Amino acid sequence: MSEPRPRIGVVTFPGSLDDRDALRAVALMGAEPVSVWHAHRSLGDADAVILPGGFSYGDYLRTGAIARFAPAMESVAAFAAAGGPVLGICNGFQILCEAGLLPGALVRNKGLAFVCRWLTIRVENGEAGGHESSGNLTIGRRGELLSVPIKHGEGRFVASPDTLERLEGDGRVAFRYASPGGEVSEDFNPNGSTASIAGVWNEAGNVLGLMPHPEHAVDPDLGPTGGQPILQWLLSAARARVPA
Amino acid sequence: MSYRVVVGVRLKEGLLDPQGKAVEAALPSLGWTNVSGVRVGKEIELELDAPDEAAARAQVVEMSERFLSNPVIETFEILRVSEIMALSQSNQKAT
Amino acid sequence: MSYRVVVGVRLKEGLLDPQGKAVEAALPSLGWTNVSGVRVGKEIELELDAPDEAAARAQVVEMSERFLSNPVIETFEILRVSEIMALSQSNQKAT
Amino acid sequence: MAPVGGAGSGAGLTGATDETQPRTPAPPAEPLHRTLGLTDTEYAAIESGLGRAPEPTELAMYSVMWSEHCSYKSSKAHLRTLPTEGPRVLVGPGQDAGVVDVGDGVACVFKMESHSHPSAIEPYQGAATGVGGIVRDVLSMGARPAALLDPLRFGSLDGERNRYLFGGVVAGIGSYGNCIGVPTVGGEVKFADCHSANPTVNVMCLGFAAADALLQSRAGGPGSILLLIGAATGRDGIGGVSVLASQTLEEDAHESRPSVQIGDPFLEKLLIEACLELKDLGLLEGLKDLGGAGLTCAVSEAASGVRLGADLDLDRVALREQGMEPFEILISESQERMLAIVRPEDVGAAQEVCAKWGLTGAPVAAFVDGGTLTVRRGGEVVASLPARSLADEGPEYDRPAERPQWLDALSADDPARAPAPSSLEDAFISVLGSPNVAGTRWAFEQYDQLVQGQTLVGPGADAAVVRIEGTLRAVAVSADGNGRYGFLDPYAGAVHAVAEAARNVAAVGATPAAITNCLNFGNPERPEVMWQFREAVRGMGDACRAFGTPVTGGNVSFYNESAGSAIYPTPVIGMVGILEDYRLLVRSGFPAEGLAIYALGDTRPELGGSEYAEVVLGKVCGRPPAVDLEAESKLHRLLAASSRANVLASAHDCSDGGIAVALAESAINGGVGFDVVPAGGAAAHLWLFSESASRAVVAPALGSERALEELAAAHGVPCERVGTTGGGRLRFGDLFEVSLNDAIVVYESTIPRLMSAKRAAV
Ligand SMILES: Nc1ncnc2c1ncn2[C@@H]1O[C@H](COP(=O)(O)OP(=O)(O)O)[C@@H](O)[C@H]1O
Ligand SMILES: [Mg+2]
């Protein structure tokens, strides 16, 4: 018997842009892609959910500020509370922060300009909690390097000192921007993120948000494939929920 | 009654405001060497119906807390609340 | 003297304000059905040294015309000018 | 406050004056038609066509439709000489965008347009709305917009205003393209002093559709309903078409404030999705974008296209502002609007799709028999005109053209005769670090290059390559122009632009298929400009015929001049090529050490109009390099054949800066240095910097050297081994060498350094 094919839901908000890319990427990774419409409460029986990149509601007012009130977000919140795996990519990360499902916020890049480039991120905690398991439910070992693209104008992660302390202490910083050799420094911080943070986990470890775009780094014909381990985590977490 | 309200939404103190910094850095070369502490935030203007000014203000405070600002990164301030005269009275002073 | 000045910079009337429109469109579903005319602009706060309030205001007007606003599409308004007390006197009223 | 109602507000019609002013019409210094930019002859033609004097509203409609921008009155006669047909062309000029068949049932829709005039006044919004406009052109053919390119030209970045314009334009293109989810995959950034007051902002969009599911803007029959979808109509760009685009920018350009428009890319994204969903559901007979001249243009063209008339009810148009006059609604250029042509029974279903995307779809007009466009407001007829007369019967001029005398002296001054530079290394660094040659990462990192997930090659290469989902095919696309060549010889400049665009497309292994173009010129009422234009169109046509790449469409931007001083006559060519198997794509960087390097094509002592002449000798003079169209075609065929035979490890065309720059870019892009032996002895600078046409620098895959030589011989292309890849240095034999790292710094830091001089921040 082959492994069950998990259903991965991708929520399309008005202004979502990388929704079709996320659907294509999870299909390429072996999942069944499921489109979810922002105005509906149904998540389409998804085993995991992606909030994709883009400019939901034009990023007007604040990134994610309007999308987080969508009916589908009530379902996403309930799904996450019940332990369902949720991945927020770029605008999806911003929406999760606005919705309070992840701590902190994402503000304008330090350099003020939109930045689109391939770069390296370092895995800090391949799963939340700082421990390292070796199974499918981890993205990778600490220090592992992934080549992924970023493309955003508001990706500078900020949080209160308390929150930051907790994130670091609880092993919930998922990724940091790094040099190609894995060194973390301001020279390789593309947006001025606090402590070069590129992605964070929620407390329960089932919600992950990151600014880089793993869905654009899965197809070897297009470039490096550093997105695969990230989506693999989501697929594995989803598979674990598929009733046997 | 109709009120026009102006809300200012600002990045919290202590958060880096690169836009403010860029403005501040550009000013001296334009001849202003006497300016500091520049912060760039948002100004949101809106009109709303409310029974009285206090109610209008209270509603905008709630709106700002829940939606117009993000308390993780921003503070807000109601900068102005003014009554909008009905059109037929537009040239009269309110009593 | 030091003054803290707040300037509002807005899109000219008549020009489309996509941000204001999006905010306005979102409000009813959040329960505010009584809001209209939303415009989102910039609020710029700064501190400057000037001999007196009138001078401070005049300088900020010039700065706004030349630099803080883009006269092609924006207008501005000085929303507030307040004197900054020296630290030792911060709890006293200015005379 | 500056009074509203300057150049841009269609002064003379009541509604155009400032709302707060009492509406006392200004004393009529001039007849209305002249104020609106119509000549006495044009007015007479309108009057005799109608058999009566036009009402002011009608006159306003004619003035925008018969403007240069909409009627192509100065250029039409010349454009007609262009080759427009070929086996791959599905739709040629005359529609909103051209279409070629790329195989496997897929059509590629593409078009280029200028937004230079609005960008000169408000760079961010001007460029942003330019992107919006060209995207809607592609959308109107039923294609999903899939890629953007942005050929840009500015004055020197030493000037503060030029930095502001460049920064604003790039940010504006990024803001719009990024927000609608269309990747920006290529473009050009060039600098010349003649662009200081007149930046050139061209934008190209391409999209894909099933070849059997293209939409037509000529569609529908009597009774068909025209649904206006998208933004509410405001006083945007009132007079923008005829005034902004058809009159030379003067010092007081900022007075035309009301003509600046603000784009709403979020709304555009919704519009794209709604229109494509309408099409997929079979609810559309046809689709038209609203651009220049707004509703007047869209409705009259739609009706005239099917030889019908239309009843247009302005009461049904959703308005953003109060008190709008009929003429304002008719000619408003508010962005983010489309006109869908639907069967009456489908109106309800179509409106539901609009509502799903949060848009209104208002049935503003219906086609009627008889050819008359009748416009009503509050039940009253405000205009009643033959639709054809607006859309298709505009004036046409054969304007006088004359070769300027000043060209003789320039042509005679051949930079190849100047003494060799005292230091070849310094000359090389100057050329590599010239803003026209240096890397444009500063700009293209502000663009989303990846969204939609099909970008095989993005900005910074010869041609961008975009994969076609579900097939092995890809489209290669390049946008190119050469202002200096055009200035020195407009015929040659156009030939070079087409040749370079085709060469770029061929360098990645694709076969050039067809072009779109944007012709950027000065004031056509000046004979010397008209001569430049005529020559450029002739050159473009000749080159396209020689390469078998027909012209599927384009755009003409005149009046790019201030105080009698025009921009370089600059045709910008958007070339589309087809790659049958994207896995055979050839990249421009040296991928490995120890590969042989070959120069394809002949290098002659040609420095006229070259980058070397400008940055090292400080002059723009001489004759542009000769182009042998047959030799150029052979090179394209060789490059495509080499890709098919999988012989090449890298290929890069030779253009600005010559072989020296081509080699350096291959090294920088691949991260691998080289050692070459320059030819030419004492005149090595001619070999290094000559810009002879029809050349490329290639590295065959290890073991494929003979295969390349044989292919080249079979194609009749000179092919000479010049060196070997490897090491961390760019080594030009015994002449000089530069470390790869230093070269990267020179190449990558030029534009960021110039832009950091000081930034306008807010
Ligand atoms: N330089 C050109 N070469 C060929 N065709 C052109 C050129 N300029 C304009 N055209 C064609 O003329 C028609 C009108 O162009 P334009 O008014 O720019 O179209 P639209 O209003 O749809 O953007 C189009 O079909 C366009 O392709
Ligand atoms: Mg069009």
Side-chain angles (χ1 to χ4, degrees), chain A residues 12-25 27-28 37-40 52-61 63 66-67 89-91 109 111-119 148-154 180 190-191 212-224 227, chain D residues 144 167 170-171 173-185 263-274 355-359 441-460 465-467 469-470 472 474 582-583 585 752 755-756 759 761-762:
Chain A
T12 296
F13 300 93
S16 291
L17 304 177
D18 304 88
D19 46 343
R20 298 189 315 139
D21 303 307
L23 289 164
R24 193 189 307 115
L28 196 86
W37 183 241
H38 72 104
H40 298 160
F55 285 69
S56 59
Y57 294 94
D59 274 1
Y60 296 146
L61 189 62
T63 60
I66 300 179
I89 302 170
C90 195
N91 191 230
N109 293 352
L112 293 172
F114 186 97
V115 181
C116 173
R117 75 167 69 123
W118 283 84
L119 45 63
V148 286
I150 58 161
K151 49 191 191 76
H152 60 248
E154 305 189 45
N191 53 27
H213 284 263
E215 81 283 20
H216 285 290
V218 292
D219 180 347
D221 284 348
L222 293 171
Chain D
R144 176 174 285 278
V170 168
I173 287 169
S175 76
Y176 207 99
N178 297 346
C179 190
I180 59 174
V182 181
T184 302
V185 299
D264 183 353
F266 169 56
L267 186 54
E268 179 105 342
K269 166 68 179 169
L270 302 178
L271 202 52
I272 293 170
E273 298 303 333
K356 172 186 165 189
W357 290 99
L359 302 172
R441 183 177 305 278
W442 183 90
F444 67 67
E445 275 198 348
Q446 298 187 46
Y447 306 145
D448 183 342
Q449 307 148 25
L450 304 171
V451 65
Q452 297 195 23
Q454 307 300 336
T455 308
L456 288 161
V457 179
V465 185
V466 180
R467 197 170 59 173
E469 198 171 354
L472 283 178
Y582 71 79
R583 295 168 301 184
L585 148 72
M755 286 306 286
S756 66
R759 170 167 316 170
V762 181

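All of these numbers come straight from a predicted model, not from anything done at the bench. Convention: sequence-line order gives letters A, B, ...; per-chain numbering from 1.
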Review point. Using non-hydrogen atoms only, which part of A:Asp59 is less than 4.5 Å away from chain D: side chain, backbone, both, or neither?
Key: neither
Point to revise | Residue part contacting chain D, namely of A:Tyr60, when any heavy atom lies under 4.5 Å | key: side chain
Review point. Taking D:Arg583, D:Gln452, D:Glu268, D:Gln449 one by one, which has the highest count of heavy-atom pairs under 4.5 Å against chain A?
Key: D:Gln452
Check your understanding: Is D:Tyr447 close to A:Cys116 at the side-chain level, that is, under 4.5 Å between some pair of heavy atoms?
Key -> no
**Study point:** D:Lys269: salt bridge (Lys or Arg N to Asp or Glu O under 4.0 Å) partners, not counting sequence neighbours
**Key:** D:Glu273
Check your understanding: Is there side-chain contact between A:His213 and D:Asp448, with at least one heavy-atom pair below 4.5 Å?
Key -> no
Exercise for review: For residues A:Gly58 and D:Cys179, report the shortest heavy-atom separation together with the two atoms involved.
Suggested key: CA-SG, 4.0 Å
Study note, to complete from the structure: Note: vs chain A, highest number of non-hydrogen pairs under 4.5 angstrom among D:Gly453, D:Gly458, D:Ser175 is D:Gly453
Review point. Which pair of non-hydrogen atoms, one from A:Phe55 and one from D:Asn178, has the smallest distance, and what is that distance?
Key: CE1-O, 3.3 Å
Practice item. Measure D:Arg467 against the heavy atoms of chain A and call it side chain, backbone, both or neither at under 4.5 Å. Key: side chain
Exercise for review: For A:Asp21, enumerate each residue passing the salt bridge (Lys or Arg N to Asp or Glu O under 4.0 Å) test, keeping only those at least two apart in sequence or located in another chain.
Suggested key: A:Arg24
Check your understanding: Taking the inter-plane angle between the rings of D:Trp357 and A:Trp37 on a 0 to 90° scale, is it parallel (under 30°), tilted (30 to 60°) or perpendicular (over 60°)?
Key -> perpendicular
Point to revise | Distance-minimising heavy-atom pair for D:Val451 and A:His216 | key: CA-CE1, 3.8 Å
Revision key, fill the gap. Heaviest contributor of heavy-atom pairs below 4.5 Å to chain D, chosen from A:Asp18, A:Val115, A:Asp221, is A:Asp221
Revision key, fill the gap. Closest non-hydrogen contact found for A:Pro149 with D:Leu450 is CB-CD1, 3.3 Å
Check your understanding: How long is the span from the CD atom in D:Gln446 to the NZ atom in A:Lys151, to the nearest 0.5 Å?
Key -> 15.5 Å
Check your understanding: What distance do A:Arg20 atom CZ and D:Glu469 atom CD have between them, rounded to the nearest 0.5 Å?
Key -> 6.5 Å
Review point. Is it the side chain or the backbone of D:Ile180 that comes within 4.5 Å of chain A heavy atoms, both, or neither?
Key: backbone
